[in-house]
Amino acid sequence: MKKEEIIKKLSKIVGSDWVRTDDLSRYHFGTDVLTHFGQGAIYPGNQPLVIVFPGSTKDVQQVIKLAHQNKIALYAIGGGTVLLIGSIPGKANFGITFDFHRMQGVHIDEDRLVVRCQPGCTGLQVSQLIRDKNIGYRPYFGGSPGTSLFVPYQVFTGQNKMAGYLDGMGINCVTGMEMVLANGEIVRTGSMAQDGSPAWPHGPGPAMTYLPFFSNAGYGIVTQMEFRFFATPPAVGSLWVGFKTLRDACEAMNAIIRSEYACGATVMGPGCWTHALYSSQHWQEGAHFVKATQDINLIGMGFRGTKARVEYERNACIKMLKKYGGVPFPDWMVSILNGHEANAAGWQQCNSPKICGTFNGKHDSGGIFVSGGVFDTMEKLELFMKNGMDAYQSVCRENPEFLNHPHPIIRLYASCGQTYLSMGGHCNAAGEVIFVLDFASRQFLPMIGKIKAMFQQMNEEYGMAPLGVGRDVRTWTECPDHFSMAKIIKKAVDPTGIMAPGVAMPME
Amino acid sequence: MTKDELLEKALCCNRCGTCRGVVQDEVPDVAFSTQCPCSMTLFGAYEPSGLMYLARAIAQGDLKWNDDLAKILYSCTMCGYCDDFCQRGYRHTPCKVILEELRVIIPEKLKPAAIKKQAGSLDVPRATKLGVLTKYGIVEASAGKSAVVLFGDNTIISNAAKLEEIGFIIQKSGKKVGCFISKPLPPVSAALLSGGFRKELEAAIAAIDTRLEAAGVKTVIVYNPESLSVLKRFSRSNVEFISITRFCADMLKSKKIKTKKVKIGKVTFQDPCHLGRYSKEYAAPREIMQRLGLDVVEMWRTGYNSLCCGAGGGVNVNRPDLAKKYADNRWQEIKASGAQTLLTACVFCNANLRQAKPKNVAMVDITSVVAQALGYTGKEARS
């Protein structure tokens, strides 16, 4: 079908005002924060042929049916506040992009303790609305404050973040969704399966609700979603404890898990102080903090409840962790978390735009995923981390201006995520290690390159399975079993492959 | 600004999109969730981040100027919310400067005629009405005698009724104020930035600086917020520029000033972008309302989150359809506030909102309310 004909048919569905093909719209929907080199370009900008603004689930369904009949690729963007990956077409001048600006409905159901939202809502809108209600309950949101709640990958990260803050964060409060599949069929899951279905929160697992997470619209377009409320804790607290070795930290972590104290307890290897980066009052503060803790293995955790409970659990954990050689961080260090808590309270999320300030202290700064891999033994992981930090520090020592700049930071994520069957943009495999290097200026590129080369060499020495991000083909090959499973599901829900080709799955 | 400099600035935007709106309270309608007027179009390209991407594309040569791009650019009211919000919260994309630069570099043939005309706003009208000020003891500014002067901006320079009212207020204040009456200062305003005439504006303000310094002026009172904001921003002199609302608010603090009750019912205030966001003067109008004992109700989007009336950036002259749409949106909120009178402090807010005004809500300039409270019964106050 010719482009003009597509536009005509789309106009008939949504109205001619809501179909756009002007240069700037196409450019805008063909580029994002990661398509420019200065901001850590990971993939090229590709413009869609046309952008369509549906006003209802019915509009979405009709557009999808049209695309299905004519084998036209579909991409989606939620509230238009996407920071990272997932809505840029798989190739240039290709496909239809959905924009959900017209679908910003929010409905709070106080009886069922859920909030139902449309894809154009932003986390910020929903949070503020609920905050104003002041009923003592709130949902937990992950992702950036402006970040669209949908498309469904934009229910974004947060699953393994610290959960101890006032509002908490994470995707686990999603209880149901309405999704339009590639053939136009509408699927409703969980709490939205029937009117008045109970809204039980549950973690990622066999429930259909979690199927499309991180799929970047690869399985279908979510048109409504329900989030469960949780009681707002009267008090929150946090604890950060350093260890000599990663092994000590892991053993201490086991003890914490058995005790059932705390929430969101996470082991972090050297340089894993991402929370400070995400959450400190300003990026310089976070950057300095991360640099000051480069060599520290630590456990971070949160506490929620009454003031007495928070205090009791915190003290109990300190006592327990000390047995494993843990040293609690001094108050001045922890006080940086006030920023995090204020941030979480303000935005109900963790990856505030402040992370963008961190990520791009200046226009030409950005983040580079230096290296990564999956390890099969603890020893390999420890050796990799040790050598990795040595490599980083050697470059720092040789280049004092690099070291002293408030921005360049290496961050190390170890075993940081759960793997979702459908993940496309993210590669959080259990056991994975990723070194992320933020840089503040192009002048540092040679040093970044040097560090990167050292890591690559180590990867080869250790024979690790490499990791990649974004459209890197390795994203789809890092976990072959998971990817095979994802392909089976994809085939079942999208046999013609029109849903976001080249994003969640490689271009056929 | 070079293309590289423009690109450097534009790339600060990572499109988090939060600048387009903040929900202040309940969201009774989708329309109220936006703070950026352009975002009411619901098109990403019209939003601040879209315009930042426009700058990026132009600077990189990814897009060439055309009618569509010009249409999008001139839909922006340059209210400054995006810049202020970005600066307030996180990183700072200098949206204001970028938007102004885009209006400078857009090819001449794509500049709308109405926008081009704005260069003419620099000219002093042949027949000004500034002479009426002498009735109220305001004298010709001269060296050593005029520490405080009133700026004859483009909205009052030929408006005798308004000048009478302002003159009356100044007289009541008991302050010695001068004015460049016989040879007025160039009536600069932000309209020049909207038109892409930044260099001309800067040159005019440099000339103003010279004359102010020569006359030994310490303080300049400015009525038009659009003039106030550019004078504050571009003047290199040590002169303090204050709004007429600040002057009134300070005056009303004095116990010597007696005021009478003004019966205008429940009031709400429309913060002009150039008074609030650009000049950071949010307090003065509220101090005035409080001191006059008015029954004040604030709108959802107020103070630093105030919504633009829709007139700025030349939208009122170039895209009256959009200006009306933006005004309609504002009126929904004004009506919902339950106010019987809308107070403004800007001629352009007044004019743009008036076109969509419902019959049952009155609109009054806050200066007129002050004048009435002080006993003024002239034309402007009556209107």
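Small disclaimer: the values here were computed from a predicted structure and weren't measured. Values below: all heavy atoms of this structure, side chains included; hydrogens, waters and symmetry mates excluded. Note on naming: letters A, B, ... go to the chains in the order of the sequence lines (proteins, then strands), and numbering restarts at 1 for each one.
Only the side chain of B/L63 has a heavy atom closer than 4.5 Å to any heavy atom of chain A.
For A/K3, the NZ atom sits in a packed shell: over 12 heavy atoms of surrounding residues, nucleotides or ligands are nearer than 6.0 Å. Other residues, nucleotides and ligands contribute over 12 non-hydrogen atoms within 6.0 Å of the CD atom of B/E5. Atom CG of B/D67 has 12 or fewer neighbouring heavy atoms from other residues, nucleotides or ligands inside a 6.0 Å radius. By the 6.0 Å contact criterion, NZ on B/K71 is open, its count of non-hydrogen atoms from other residues, nucleotides or ligands being 12 or less.
In summary, the side chains of B/E47 and A/H101 do present a donor paired with an acceptor at a separation below 3.5 Å, with no hydrogens or angles considered.
Residues B/A45 and A/H28 approach most closely at N-ND1, 4.1 Å, considering heavy atoms.
Between B/Y53 and A/Y27, the two ring planes are perpendicular [angle over 60°; tilted spans 30° to 60°].
In this structure, CD1 in B/I72 is found 8.5 Å from CG in A/D23, a value given to the nearest 0.5 Å.
Applying the side chain to side chain contact (heavy atoms under 4.5 Å, CB included) test between B/D68 and each of A/L24, A/D22, A/T21 identifies A/D22 as the sole match.
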